[in-house]
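For clarity, every value in this text was computed on a predicted model and none was experimentally measured. By convention here, the first residue in the shown sequence is residue 1.
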Amino acid sequence: MIIHEEPSPNSVSSPVSTAKDSRCYTVEDLMEMLILSRPTVCRLLKQNEFRWFKVGGAYRISKTSFDAWLNDGIIEPNSTV
């Protein structure tokens with residue numbers, strides 16, 4: 001027996017909504033939140049605007065660090081470069 005549940009009308013299916021449960025954002029999350037292209041987001045990473053690290057070939061951005069940068073303009077040093 002297969003049970004299929006319809007998503008509730010209040011649920012949002014996007015990378016950003018799933019990132020709320022995570023401690024990290026992805027490049028795609030930042031692209032969507034800031035309405036920027038991938039090269040622009042990668043440029044922000046290379047400029048160490050917030051803390052990030054790489055897992056395999058994928059960037060993971062510290063949610064706490066990014067949110068502080070976005071909300072308060074605080075730039076934290078990135079010790080993982």
Out of curiosity, C42 SG to M31 CE, how far, rounded to the nearest 0.5 Å? 8.5 Å
Taking the side chain as everything from C-beta on, heavy atoms only, tell me whether F53 gets closer than 4.5 Å to V55. yes
Would you mind reporting whether L36 and L44 have side-chain heavy atoms less than 4.5 Å apart? yes
Side chain to side chain contact (heavy atoms under 4.5 Å, CB included) with I61: of D67, D29, T26, L30, only one passes, and it is L30
Sequence-distant partners of R43, salt bridge (Lys or Arg N to Asp or Glu O under 4.0 Å), two or more places apart: none
Using side-chain heavy atoms (C-beta onward) and a distance below 4.5 Å, is E49 in contact with F66? no
Side chain proximity check, K54 to R60, heavy atoms < 4.5 angstrom: no
Name all residues meeting the ring pair (Phe, Tyr, Trp, His ring centres under 6.0 Å) criterion together with Y59; count only those two or more places apart in sequence or in a different chain, and write none if there are none. W52
Tell me, with the steps shown, if T40 and L34 meet side chain to side chain contact (heavy atoms under 4.5 Å, CB included). CA-CA 10 Å; T40 302; L34 300 174; over 6 Å; no
Interatomic distance, R51 atom CZ to T64 atom OG1 [nearest 0.5 angstrom]: 9.0 Å
